[in-house]
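The next block holds one structure in the form of structure tokens; read it before the comments.
Everything numeric here is computed off the predicted structure, so don't read it as measured data. Each residue takes its place number in the sequence, starting with 1.
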Amino acid sequence: MSTLAQLPLDVTFAPIKEADVSREMTTRYMQDMLDFAEVDVVIVGAGPAGLSAAYEFTKHPEIKVALIEASVAPGGGAWVGGQLFTPMVVRKPAHLLLDDLNIQYDEKEHYVVLKHAGLFTATILAKVLASSNVKLFNATSVEDLIIRNEVVTGVVTNWALVTKAHGTQSCMDPQVMEAKVVISSCGHDGPFGATGVRRLAELGMIEKLQGMRALDMTAAEDAVVAKTQEIVPGMIVTGMEVAEAYGTARMGPTFGAMLLSGRKAAVLALQKIQKHKSVGK
């Protein structure tokens, strides 16, 4: 058997038909759209909290999960630390998730430091993508929610570039995904910041957005995890979207709450699904 070490530097690739490349991509993507039109959980936003939630679901292969990310590259703000510096600071006890992912770090008394934030993001993303039950739809936007009888029952989706082009064309209608639970992990700031809870406020399902307060790292991370919860029936809010919804402090470039808030959101969703199944029996 040939190995990579035996491969010459000048190679001739195996032949391929251009049409076959298109068929392989198209059939698989369309099959994913069919398979994930109805799921157990939709996670909106593949930043650090959304990825941490998705990773928790990889341990439950019976749960079908759609992970939706508006950007081409998932990861949100977790590719860098503060002010575009690359090291990542994670306060304890969130380092236990790093241990679970087998990610190395420098240990301090109250926190740990990764040499590059991308080490976390690339590792957890690889785990999520390799799983059998979580499907990432990147370059895809959530334009609205499906709501029946004041319960969130899914999301309205479109390709992100189509979403950006609304107003320049006539009619570009969306698609939908139905779900038992929606986890909203849209973060703060930016063009897609807190879009889930902003829509709830527009619809009058929550009174108003409190808006994220000024930075206080010590208080912020505890508060974000504590207030990770089902904000309206069928929708759990996680990550920095919690800060926008409940007025907790900005945490700045520490990532522990993102990891543990995402994990908590997944556990809450699992509990809700199990309760739903028990009632169904």
Side-chain angles (χ1 to χ4, degrees), residues 43-56 75-101 103 105-114 116-117 119-121 124 183-190 192-201 205-232 235-269 271:
I43 303 172
V44 186
L51 286 173
S52 296
Y55 174 66
E56 188 67 24
W79 288 108
V80 292
Q83 201 167 318
L84 303 183
F85 298 161
T86 52
M88 173 185 275
V89 176
V90 176
R91 290 170 63 195
K92 297 179 178 180
H95 70 295
L96 296 176
L97 177 56
L98 303 179
D99 291 342
D100 198 46
L101 291 164
I103 296 175
Y105 49 74
D106 294 330
E107 186 161 5
K108 303 294 182 178
E109 183 178 1
H110 300 299
Y111 59 87
V112 302
V113 184
L114 282 68
H116 198 297
L119 183 58
F120 162 76
T121 305
I124 196 169
I183 295 176
S184 193
S185 179
C186 299
H188 63 82
D189 299 337
F192 299 104
T195 52
V197 294
R198 290 185 195 282
R199 185 58 174 146
L200 294 180
M205 294 183 71
I206 59 176
E207 185 176 349
K208 67 173 184 177
L209 294 182
Q210 299 297 320
M212 183 174 58
R213 296 179 183 173
L215 191 145
D216 181 346
M217 289 184 182
T218 299
E221 295 204 90
D222 290 347
V224 163
V225 176
K227 292 183 178 294
T228 296
Q229 59 189 299
E230 189 173 27
I231 190 168
V232 298
M235 180 169 150
I236 296 168
V237 64
T238 185
M240 286 311 295
E241 193 166 2
V242 171
E244 296 286 5
Y246 294 108
T248 67
R250 178 187 290 270
M251 69 184 59
T254 57
F255 288 82
M258 300 296 92
L259 279 56
L260 296 191
S261 174
R263 179 180 180 273
K264 180 180 178 181
V267 171
L268 293 176
Q271 292 173 349

(request) Please name all residues satisfying side-chain contact (heavy atoms from CB on, under 4.5 Å) with R198, sequence neighbours left out, ordered by chain then number. (result) A194, L209, E244
(request) Can you measure from CE (M240) to SG (C186) and round to the nearest 0.5 angstrom? (result) 13.0 Å
(message) Counting C-beta onward and ignoring hydrogens, is there a side-chain heavy-atom pair between Q229 and Y246 closer than 4.5 Å?
(response) yes
(message) To the closest 0.5 Å, what do you measure between CE (M235) and CZ (R199)?
(response) 11.5 Å
(request) Report the residues that fulfil side-chain contact (heavy atoms from CB on, under 4.5 Å) with L268, sequence neighbours left out, ordered by chain and then residue number. (result) I236, K264, Q271
(message) Treating T248 as the side-chain partner and V224 as the backbone partner, does any N or O pair qualify as donor plus acceptor under 3.5 Å?
(response) no
(message) If you define the side chain from C-beta out and look only at heavy atoms, does anything of F255 sit under 4.5 Å from S52?
(response) no
(message) So, taking the atom named CG in L215 and the one named OG1 in T254, what distance separates them when rounded to the nearest 0.5 Å?
(response) 8.0 Å
(message) So which atom in V197 and which in A245 form the shortest heavy-atom distance, rounded to 0.1 Å?
(response) CG1-CB, 4.0 Å
(message) To the nearest 0.5 Å, what is the distance between OH on Y105 and CG on L98?
(response) 6.5 Å
(request) Kindly write out the residues that satisfy side-chain hydrogen bond (donor to acceptor under 3.5 Å, both in side chains) with S261, not counting sequence neighbours, or none if the list is empty. (result) T228, T238
(request) Looking only at non-hydrogen atoms, find the nearest pair between S184 and G196 and report the distance. (result) OG-CA, 3.6 Å
(request) Just jot down the side-chain hydrogen bond (donor to acceptor under 3.5 Å, both in side chains) partners of R250, sequence neighbours excluded, or say none. (result) D189
(message) With a 4.5 Å cut-off on side-chain heavy atoms, are I231 and M205 touching?
(response) no
(message) For A249 versus A243, what's the shortest heavy-atom pair and its separation?
(response) O-CB, 4.4 Å
Solution key, residues 82-95 side-chain donor-acceptor pairs under 3.5 Å, sequence neighbours excluded:
residue	atom	partner	partner atom	Å
R91	NH1	M217	O	2.8
R91	NH1	E221	OE2	3.1
K92	NZ	E107	OE2	2.7
K92	NZ	K108	O	2.9
K92	NZ	E109	O	3.2

(request) Identify the heavy atoms of A266 and A53 that sit nearest to each other, and give their distance. (result) CB-O, 3.6 Å
(message) With a 4.5 Å cut-off on side-chain heavy atoms, are R263 and L97 touching?
(response) no
(request) Could you tell me which residues satisfy side-chain contact (heavy atoms from CB on, under 4.5 Å) with A219, sequence neighbours excluded, listed by chain and number? (result) D216
(request) Heavy atoms only: give me the nearest A257-M251 pair and the separation to one decimal. (result) CB-CE, 3.7 Å
(request) Nearest 0.5 Å please: distance from the CG atom of L101 over to the CG atom of L259. (result) 8.0 Å
(message) For T121 versus L51, what's the shortest heavy-atom pair and its separation?
(response) CG2-CD1, 4.2 Å
